[in-house]
Protein chains: 2
Amino acid sequence: MTEEKPVVYVVDDDPSVRKALERSLSSAGHEAKTFASAAEFLDFTCPDTPGCLILDIKMPGLNGLELQDRLAEKNFTFPIIFMTGHGTVPASVKAFKAGAMDFLQKPFKDRELLNAVSTGIEKHRRQRKEHKKMEILRARLDTLTPREREVFELVVSGMLNKQVAFDLEITERTIKAHRARVMEKMGAQSLQELVRFAERLGIRSSTA
Amino acid sequence: MTEEKPVVYVVDDDPSVRKALERSLSSAGHEAKTFASAAEFLDFTCPDTPGCLILDIKMPGLNGLELQDRLAEKNFTFPIIFMTGHGTVPASVKAFKAGAMDFLQKPFKDRELLNAVSTGIEKHRRQRKEHKKMEILRARLDTLTPREREVFELVVSGMLNKQVAFDLEITERTIKAHRARVMEKMGAQSLQELVRFAERLGIRSSTA
DNA sequence: CTCCCTATTGTACCAAAGTACAATATCTTT
DNA sequence: AAAGATATTGTACTTTGGTACAATAGGGAG
């Protein structure tokens with residue numbers, strides 16, 4: 001469980017390209033999984049491991065750019081590297097504006113691709129790490145009752161217990177009770193940590 | 001002082017292009033300032049107002065991409081929009097990977113350019129706003145003595161005064177003194193706010 | 001050498017937060 | 001109707017943090 005094995009997904013309609021890519025990726029130590037069409041890839045469910053995606057621009061059916069759009073709608077998070085034989089400037093512009101990570105023109109050197117792949121995987125690793133932390137925080141946040149959530153927001157905003165109490169028109173004693181539960185449910189060891197959690201969760205007190 | 005007037009900088013060696021761009025930018029309500037070469041622009045010091053930069057790719061002397069690199073070295077923060085007559089895919093790729101915001105191929109519609117410009121200016125406005133806040137915070141941080149800085153880091157990490165005291169091998173009373181000065185110098189109205197400041201400043205306790 | 005900044009510490013007190021015992025009321029679900 | 005979750009509050013006590021009065025000591029600038 002030190003490092004999860006990354007997977008490189010390749011979508012290209014040309015079997016010989018798939019084979020060639022698979023070979024160079026494998027020889028560089030990457031696990032490759034290939035798809036012959038956008039549809040085929042869309043049917044596939046990627047495992048929850050780091051990786052990146054290599055897309056051919058020109059393909060029958062959905063092309064690479066269209067696939068990119070479809071994936072974006074599904075919160076697909078793998079970095080995307082495009083490949084193209086006779087790519088156009090507008091295509092590359094669209095790709096990058098939609099968040100592509102690289103855009104390689106054939107013929108390209110193995111090294112170029114492998115560099116892009118490594119960069120993509122590293123980026124995805126970091127993303128995943130961050131995302132997992134956020135998942136945990138959001139899950140904890142979801143366990144708060146509406147009242148606790150209110151107290152949470154007001155407390156991290158910097159208000160004193162008595163001020164929060166006044167705001168919610170209840171006693172300070174009750175704030176302490178909620179506050180203690182918030183700390184416990186959020187898994188915060190200190191007020192400082194609770195504030196950091198709130199920051200990451202994008203919590204802003206509605207009043208301030 | 002409601003809104004600062006943005007400026008659009010244009011660098012293109014072709015006088016007729018400069019004139020044309022100036023006209024369409026003006027008619028859209030933007031203030032334009034034009035330059036005939038990369039060198040000319042590098043000699044210029046942009047005022048501290050929002051704006052964006054429009055660069056021609058192909059120019060005698062330094063071309064647009066090279067200018068982009070030079071500017072990056074100087075922490076130039078204005079969003080860059082490229083224009084090109086016969087742009088190549090590698091050029092657009094390089095531009096985007098170096099942080100370009102858009103890449104327009106001539107002939108382009110006025111609307112395309114103006115949309116890109118508006119987006120760029122808005123982005124820069126947000127950037128500047130954030131940057132100014134950070135400037136203030138960094139300036140305050142710089143007023144802290146080394147000792148106060150240490151206490152700052154340990155306190156926001158979540159340690160109790162007594163723990164910080166133990167760590168620094170001084171008394172809790174002294175921690176309180178430093179802590180009070182940190183709050184005052186940083187302009188924090190609460191511990192919660194102090195933690196948020198530390199987060200933005202990227203302060204991590206070296207021990208934790 | 002004096003002034004200022006920095007770092008340190010003391011005492012005493014007050015305010016704020018946290019906790020250990022609780023109890024009561026409402027609402028939903030089973 | 002009983003169980004469980006939620007929201008509320010009480011008393012009493014401890015711990016932690018903040019402040020108002022300080023004083024002392026070292027180092028650097030003028």
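Predicted model, so just to flag it, every value in this text is computed and none were measured. Letters go in sequence order (proteins before strands), and every chain restarts at 1. We use all heavy atoms of the structure for the numbers below, so side chains are in, but hydrogens, waters and symmetry mates are not.
Here B/E150 pairs with B/R147 in a salt bridge; the nearest charged N to carboxylate O distance falls below 4.0 Å. Using a 4.0 Å cut-off between charged side-chain N and carboxylate O, A/E199 and A/R204 make a salt bridge. Residues A/E31 and A/K5 are not paired through a salt bridge, judged by the lack of any N-O separation under 4.0 Å between the basic side chain and the carboxylate. A salt bridge links B/D69 and B/K94; the closest N-O separation between the charged side-chain nitrogens and carboxylate oxygens is under 4.0 Å.
B/E184 has its CD atom 13 Å from the P atom of C/dC5, to the nearest Å. At whole-Å resolution of the value, CZ in B/R179 and P in D/dT19 are 10 Å apart. Across the protein-nucleic acid pair, B/L191 atom CG and C/dG18 atom P stand 11 Å apart, rounded to whole Å. A/I175 places its CD1 atom 11 Å from the P atom of C/dA17, with the value rounded to the nearest Å. Residue B/E172 contributes atom CD, which lies 17 Å from atom C1' of C/dA7 at whole-angstrom precision. Counting to the nearest Å, the P atom of D/dT8 and the CG atom of A/D167 are 13 Å from each other. Here D/dG18 presents its C1' atom at 16 Å from NZ of B/K162, a figure rounded to the nearest Å. Taking atom CZ of A/F166 as the reference point, atom C1' of C/dA16 lies 19 Å away to the nearest angstrom.
A/T174 comes within contact range of at least one nucleobase, with a heavy-atom separation under 4.0 Å.
Distance from the side chain of B/R173 is smallest for C/dT9 among the nucleotides D/dG17, D/dG10, C/dT9. Closest to the side chain of A/L160, out of C/dA7, C/dA16, D/dT8, is C/dA16. In this structure, the nucleotide among D/dT8, C/dA16, C/dT8 sitting nearest to the side chain of B/A177 is C/dT8. Taking every side-chain heavy atom of A/R147 into account, D/dT8 is the closest of C/dA7, D/dG17, D/dT8.
Aromatic ring pairs are classed by plane angle as parallel below 30°, tilted from 30° to 60° and perpendicular above 60°; the pair A/F41 and A/F76 is perpendicular.
Put simply, A/N161 has no side-chain N or O that comes within less than 4.0 Å of OP1 or OP2 on C/dA16. Residue A/T145 places none of its side-chain N or O atoms closer than 4.0 Å to OP1 or OP2 of D/dT6. Between A/K176 and C/dT19 there is no side-chain N or O to OP1 or OP2 distance below 4.0 Å.
Of the two residues near DNA chain C, B/P146 and B/Q192, the one whose nearest nucleotide lies more 5' is B/P146.
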